[in-house]
Visitor: 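I'd like to ask you about the structure that follows.
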Amino acid sequence: MSGCPFLAGRPIVGHLMAMRRDPLLFHQAISNNNGDIFKLRLGLETFFVVNHPNLIDHVFTKNTSNYVKSHHYKRMNYLLGDGIFTATGEEWKRRRRLAQPAFQGDSLTAAFDAMKPAVQSFLARMSTASGSTISLSAEATRLSLDMVLRAFFGINDSSDAAVIASALAELMPELDRRIWAILPPAVRALTPAARRAKAALKAINEALHRLIVRRLKDDEVRDNLLGLLVRAERDAGWSTESLKRLRDEAMVFLVAGHETTASTLTWAWYLLSLHPSIGRQLEASVVGAPGEGSEWAERIFQETMRLHPPGWLLTRSALKDDVLGGVRIPAGANLIVCIHALHRHPRVWPNPEGFDPDRFLPENAKNIPKGAYLPFGAGDRVCIGRRLAMMQGALVLTETARQFRFDLVPGQRIVAKAAVTVHASPAVRVVVSTRGSFATLARPIAPPTTTTNVAGVESRAGPQLDALSHPSPDAGVVLQCRRA
Ligand code: HEM
């Protein structure tokens, strides 16, 4: 059993302040400059940071039943209640069993079909906006929410949808603020933002309540997620808890199902406008070609989630003693896996900061080590919506590339901001142009063999992984790291 480097930081706060200043940069720096597993103190808590694909695969997949979601997820209960995302043990298993059928087989196809009109509305809005400037972030959020509402709740541009959209616009930033809050909850509750969020929470709860009651009275068989969950509660015998359970679950699917997709779509379009040659390859692959989601679009979506995984930091708690990379993990220990740092680790990815969708060509993807690419998590708690998310992402990127191009408004300084998810900040602004007004598309373009990273360096895809490196007991934190 070997020792484990300990990044203790300052008395009392440990490394908490450094992490709060720039969470992504902080984690990338400690991950690149320390071993496969090390200890990190954040405030009064100490975490094991797991920093090698093999070890991450062990935690999430091989020994998944030993590592449960840590208590930190409870910070989201303010909005998500006790739904599937934060539940643990038997309660989580029950909820997962109930929801799973909505994400497979015919129900998955039905959910995908139900969200297509949302894409049509989005394309119509882009057509109207042609020639003008839009906020990509706002449009991606509107589209993603519309897709979830249609697919899982069976509602479209109704008044309930409008109430939910405006409430979430208030609540998502509040959830972010709560993650990093320093003020005690009682003091924070007095701030204007917290008061607005409280009103928004009331409004969204009432809207969800209306939807649930309507579905409860509805005898028509509905195979969408809400219909499935309501029927299960009714069949099990309605109790006073039923309404709360349904409200919490509906909220989880609303939040988990739209924020992540919106963030990835925004980043994908942003990256495509930074890399016009890749954008043109996508356009050439979809214009005039049948099919709802091209493989090109899928790879672009995958590579976007590598560089900007919405679920950037996952935490777990060990149920029993274990050994990871020669280090003893006692029962009750908390673990951090920073997916954002893992996806940019130079030991795992050649040209880690470069945007290269070719990494996900089948011949290259097969070389990606297990535990190295986890945009949807892995193991028991893997994202339930991952297949739908991939289908949605590929469809939206394909349909958009067929008709439109987005050009960045010059002079913007976009940075990645991490809270509950990683989003582009400030909102990305682009000018929309319609096919026909951009001339060069029709000519066939050969598939790329090289790519250029944002620093202008050419590279080839084809990740390789070294053997486990040895943790060095005196490894220190180095906080100098270039951000692309
Ligand atoms: C690009 C899109 C998406 C990304 C990147 C993403 C990412 C993730 C990640 C990383 C987790 C695991 C969290 C952890 O282990 O701590 C997760 C879980 C989850 N996701 Fe997604 N997600 C996406 C889309 C969706 C969609 C469309 C839905 C459904 C409408 C959804 C519903 C959920 C739920 C319910 C869980 C919790 C599952 C459980 O604990 O059993 N996600 N997602």
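Counting convention: from 1, in listed order, for ligands and their atoms alike. This is a predicted model, so every value here is computed, not measured. What you see below is based on every heavy atom in this structure, not just the backbone, and it leaves out hydrogens, waters and symmetry mates.
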Visitor: Looking at R75, I'd like to know if its CZ atom is crowded, meaning that more than 12 non-hydrogen atoms belonging to other residues, nucleotides or ligands lie closer than 6.0 Å.
Guide: no

Visitor: So is R95 actually on top of W92's ring, under 6.0 Å and inside 45° of the axis?
Guide: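 The answer is no; the distance or angle limit is not met.
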
Visitor: Quick one: do the S144 and T261 side chains pair a donor with an acceptor below 3.5 Å?
Guide: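 The criterion, which ignores hydrogens and geometry beyond distance, is not satisfied for T261 and S144.
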
Visitor: Just to be sure I read this right, does ligand 1 sit under 4.0 Å from the backbone of P375, its side chain, both, or neither, counting only heavy atoms?
Guide: backbone

Visitor: How are the rings of H343 and W349 set relative to one another: parallel (under 30°), tilted (30 to 60°) or perpendicular (over 60°)?
Guide: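 The rings of H343 and W349 stand perpendicular, inter-plane angle above 60°.
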
Visitor: In Å and rounded to the nearest 0.5 Å, what is the CD to CZ distance from E139 to F406?
Guide: 8.0 Å

Visitor: Using a 3.5 Å distance criterion without hydrogens, assess whether the side chain of E303 forms a donor-acceptor pair with backbone atoms of D356.
Guide: yes

Visitor: Flag the pair F253 / F103 as yes when their ring centroid distance falls below 6.0 Å, and as no otherwise.
Guide: yes

Visitor: Could you see which bit of P310 sits under 4.0 Å from ligand 1, with heavy atoms only: side chain, backbone, both or neither?
Guide: side chain

Visitor: Which part of K69 is near ligand 1, with near meaning a heavy atom under 4.0 Å away: side chain, backbone, both or neither?
Guide: side chain

Visitor: Do the ring planes of H340 and H308 sit parallel (below 30°), tilted (30 to 60°) or perpendicular (above 60°)?
Guide: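 Because their plane-to-plane angle lies in the 30° to 60° range, the rings of H340 and H308 count as tilted.
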
Visitor: For ligand 1 and R316, I'd like to know whether there is a polar contact (N/O to N/O, distance under 3.5 Å).
Guide: yes

Visitor: Which residue owns the protein heavy atom closest to atom 31 (C) of ligand 1, what's the atom, and how far is it?
Guide: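 Minimum-distance protein heavy atom for atom 31 (C) of ligand 1 reads C383 SG, 3.8 Å.
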
Visitor: Polar contacts were defined as any N/O atom of the residue lying under 3.5 Å from an N/O atom of the ligand; does this apply to Y73 and ligand 1?
Guide: yes

Visitor: Distance to 0.1 Å, residue and atom name: give those for the protein heavy atom nearest to atom 26 (C) of ligand 1.
Guide: G257 CA, 3.5 Å

Visitor: Considering non-hydrogen atoms of the protein only, which is the closest contact for atom 34 (C) of ligand 1, and what is the distance?
Guide: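 Nearest neighbour among protein heavy atoms for atom 34 (C) of ligand 1, to 0.1 Å: I384 CG2, 3.7 Å.
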
Visitor: I need the atoms of ligand 1 closer than 4.0 Å to a non-hydrogen atom of W92, numbered in the order shown.
Guide: 39 (C), 40 (O), 41 (O)

Visitor: Kindly confirm or rule out an N or O of T264 lying under 3.5 angstrom from an N or O of ligand 1.
Guide: no

Visitor: Nearest to atom 30 (C) of ligand 1, what protein heavy atom do you find, and at what distance?
Guide: F152 CE1, 3.0 Å

Visitor: Looking only at N/O atoms, are R96 and ligand 1 under 3.5 Å apart anywhere?
Guide: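 Yes, at least one N or O pair falls under 3.5 Å.
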
Visitor: If the cut-off is 4.0 Å to any non-hydrogen atom of A389, which atoms of ligand 1 fall inside it?
Guide: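 Near A389, the atoms of ligand 1 are 2 (C), 24 (C).
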
Visitor: Counting only heavy atoms, which portion of L314 has something under 4.0 Å from ligand 1: side chain, backbone, both, or neither?
Guide: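 The answer is the side chain of L314.
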
Visitor: Between V430 and Y270, is a side-chain contact (heavy atoms from CB on, under 4.5 Å) present by the stated rule, with each step listed?
Guide: CA-CA 9 Å; V430 293; Y270 174 73; over 6 Å; no

Visitor: Between the main-chain N or O of A331 and the side-chain N or O of D321, is there a donor-acceptor pair closer than 3.5 Å?
Guide: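 Present.
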
Visitor: Do we see a donor-acceptor contact under 3.5 Å between the side chains of D322 and N63?
Guide: yes

Visitor: Step by step, work out the side-chain contact (heavy atoms from CB on, under 4.5 Å) result for M126 and I134.
Guide: CA-CA 9 Å; M126 292 306 97; I134 59 156; 3.7 Å; yes

Visitor: Which protein non-hydrogen atom lies closest to atom 40 (O) of ligand 1, naming both residue and atom, and how far is it?
Guide: R381 NE, 2.8 Å

Visitor: Look at atom 36 (C) of ligand 1 and say which protein heavy atom is nearest, naming residue and atom and giving the distance to 0.1 Å.
Guide: F85 CD1, 3.7 Å

Visitor: How far is atom 11 (C) of ligand 1 from the closest protein heavy atom, and which atom is that?
Guide: F376 O, 3.9 Å

Visitor: Could you tell me, atom by atom, which parts of ligand 1 come under 4.0 Å of a heavy atom of G377?
Guide: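 Result: 10 (C).
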
Visitor: Around atom 23 (C) of ligand 1, find the nearest protein heavy atom and jot down its residue, atom name and distance.
Guide: T260 OG1, 3.3 Å

Visitor: Hey, is L388 one of the residues with a heavy atom under 4.0 angstrom from ligand 1?
Guide: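 No, L388 has no heavy atoms under 4.0 Å from ligand 1.
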
